[in-house]
Structures are given as C-alpha cells and as structure tokens.
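Report on the following structure.
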Amino acid sequence: MPAYIFYPYLAGGSGLTFEAVELTDDAAALTKGLQILAEHGSAAEVEIWRDDELIHRERREAGGGPLAT
C-alpha cells in the first residue's frame, strides 16, 4: 500500500503537524485529508503527498467547510 503524508496548515502558512498513513489509493487519501481538515479546526488547508508528489491540496471555505482546489 502507498504511504501518504498529510500536512495541515494555518491560514498564515505555518504547519501544525503531519500525519503519515498507509492507504489503498488516492481516493482513500482524499477522504482522509477531509477528515484531517475537519479534526484540525484551526487548519485552513491540508496538503496530501504520496512519496515526493503533491497529489491534492484541500482548502477550507470561508464558511468553515472544505473546498477542493
């Protein structure tokens, strides 16, 4: 299974933490990214990396919900 690393960021660009998880595919990683964004209320966005490739960046909408970019 591929390993994914999730990086939630504050609105100013500061990193909060990271989480590394093995998942079955990119679709599972996108679901996990939304979960991480929901769990970190102060995060403005989360980046999802597979190996050394950025596969997705999810930003929180102004109203608080996630917005795919």
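- Remark: the backbone N or O of A27 is paired with a side-chain donor or acceptor of D25 at under 3.5 angstrom.
- A search for side-chain contact (heavy atoms from CB on, under 4.5 Å) contacts involving L30 returns I48, H56, not counting sequence neighbours.
- Other members of the cluster containing Y9 are I5, Y7, F18, W49, L54, with ILVMFWY side chains joined at under 4.5 Å, either directly or via other members.
- The OH atom of Y4 lies 15.5 Å from the CD atom of E47; values are rounded to the nearest 0.5 Å.
- Looking only at side-chain heavy atoms (C-beta outward), F6 and K32 come within less than 4.5 Å of each other.
- Applying the salt bridge (Lys or Arg N to Asp or Glu O under 4.0 Å) test to D26 and every residue at least two apart in sequence or in another chain returns R50.
- Contacts of E45 classified as salt bridge (Lys or Arg N to Asp or Glu O under 4.0 Å), with partners at least two apart in sequence or in another chain: R57, R59.
- Residues P8 and T17 have side chains in contact (heavy-atom distance under 4.5 Å, counting atoms from C-beta outward).
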Run the side-chain donor-acceptor check on residues 35-44: report pairs under 3.5 Å with partners two or more places apart or on a different chain.
residue, atom, partner, partner atom, Å
Q35, NE2, E39, OE2, 3.0
H40, ND1, I36, O, 3.0

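- The side-chain contact (heavy atoms from CB on, under 4.5 Å) test applied to A3 returns E22, not counting sequence neighbours.
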